[in-house]
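Heads up, the thing below is written out as structure tokens.
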Amino acid sequence: MGRNSQLMVLMIMILFIEITVTVNGELQRFVHPATKGDGSISLLVIGDWGRKGRYNQSQLAYQMGITAQKKDVDFIISTGDNFYPSGLTDENDPAFDESFTNIYTAPSLLKKWYTVLGNHDYRGNAIAQLSPILKAKDSKWFCMKSFILNTDIAEFFFIDTTPFEDKYFTDPEDEVYDWRGVLPRDKYLSTLLRDLESALIESQAKWKIVVGHHTIKSVGIHGNTKKLVQKVLPILEANDVDLYINGHDHCLEHISSHHSRLQFLTSGGGSKAWRGGYDRTSINEKEMRFYYDGQGFMTMQITETDIDIDFYDIFGNILHKWGASKSFFSSI
């Protein structure tokens, strides 16, 4: 067997393992090695971006590169809807290069991108985005449906939120979703919830951060995701999760909780934005910290005792700052 054939067999085996993990709903663990002497981490969060450079995606990518260099980011989190309008067709879809590799070219962005799927990704070949073939094409790409990322001072719990939305199953309109590995749906969701709860209970991390595509709380056009409020939110609150980070609404947003430490952070302004739909009636007025209906991204700096979050617009202006310590939470 030639070298190329052996490589292809290895890729197929790895892909089979990843698909099997997704089917079983298990949360695989991965470690991002520390690069700073004090163990602190710096990261950038972007969502809803993949439009082949259009809708200011390229301009925002340029500003992301500048900010990521200043912040010395260790990695990037993508909150999903990575490729519009309907994900990828397969591992050879040119959209992967046109919307990702050829867009985020700044040296400061050539770090690992930890990525989840959004609803638009499920409208294409969802399994293609999990393929090791894409990792071989671009080493910064890392995508799974659900997984845990360990760092020295924080744990990130990435969860697959698209299957929680009833309407994608009961009223998909003209869309066709790739539910391979998700059906039977009830079993998939119950397993995911069980494994998330178990992992959070076992976690000894100083900071617990959960990442998904869909909103739990939002005043944007999509609003709150009822199933996540019913099924996921109680688990987060019971296990002292610090942050829930999402995309889906094409905006930047910060909502606090009036009865727990949990903060809801939306970073979904990676390209097409300015959608309107602002609705304060969906939340307690006192919980609303910040809302911007435009393109932008978010950065996070985390130490053992403190976390600092900045929201940026396309010009690099800081629109909103927030910070917290483990002993108290306060706005800056």
Contacts of S139 that satisfy side-chain hydrogen bond (donor to acceptor under 3.5 Å, both in side chains) - sequence neighbours left out: none

Salt bridge (Lys or Arg N to Asp or Glu O under 4.0 Å) contacts in which one or both residues fall within residues 213-224, not counting sequence neighbours: K217-E287

Partners meeting side-chain contact (heavy atoms from CB on, under 4.5 Å) with S99 (sequence neighbours left out): K52, F83

N/O donor to acceptor pairs below 3.5 angstrom from side-chain atoms of residues 62-71, sequence neighbours left out:
{"unit_1": "T67", "atom_1": "OG1", "unit_2": "Q63", "atom_2": "O", "d": "3.2"}
{"unit_1": "K71", "atom_1": "NZ", "unit_2": "D310", "atom_2": "OD2", "d": "3.1"}

Side-chain heavy atoms of T162 within contact of L117, under 4.5 Å: no

Pairwise side-chain contact, I309 with L243, heavy-atom cut-off 4.5 Å (strictly under): yes

Pairing residues for N56 by the side-chain contact (heavy atoms from CB on, under 4.5 Å) criterion, not counting sequence neighbours: Q59, Q295, I314

4.5 Å side-chain heavy-atom contact, F156 and F75: yes

Salt bridge (Lys or Arg N to Asp or Glu O under 4.0 Å) partners for R29, two or more places apart: E155

Geometric class of the F297/Y312 ring pair [parallel <30°, tilted 30-60°, perpendicular >60°]: parallel

Any residue meeting side-chain hydrogen bond (donor to acceptor under 3.5 Å, both in side chains) with D74, in chain and number order, not counting sequence neighbours: T35, K36

Test item: L236 and I216 side chains (from C-beta on) under 4.5 Å apart, heavy atoms: yes

Polar contact flag, side-chain donor to acceptor under 3.5 angstrom, E165-N119: no

Sequence-distant partners of Y291, ring pair (Phe, Tyr, Trp, His ring centres under 6.0 Å), two or more places apart: Y278

Pairing residues for D138 by the side-chain hydrogen bond (donor to acceptor under 3.5 Å, both in side chains) criterion, not counting sequence neighbours: T101, K140

Under 3.5 Å donor-acceptor, W179 side chain and P163 backbone: no

With D242, the side chain to side chain donor-acceptor pair (under 3.5 Å) member among Q263, R261, K208: R261

side-chain hydrogen bond (donor to acceptor under 3.5 Å, both in side chains) involving S218 - partner list, sequence neighbours excluded: D249, E253

Residues forming a side-chain contact (heavy atoms from CB on, under 4.5 Å) with Y55, sequence neighbours excluded: R51, S271, K272

side-chain contact (heavy atoms from CB on, under 4.5 Å) involving D48 - partner list, sequence neighbours excluded: T79, D81, Y84, H213, H250

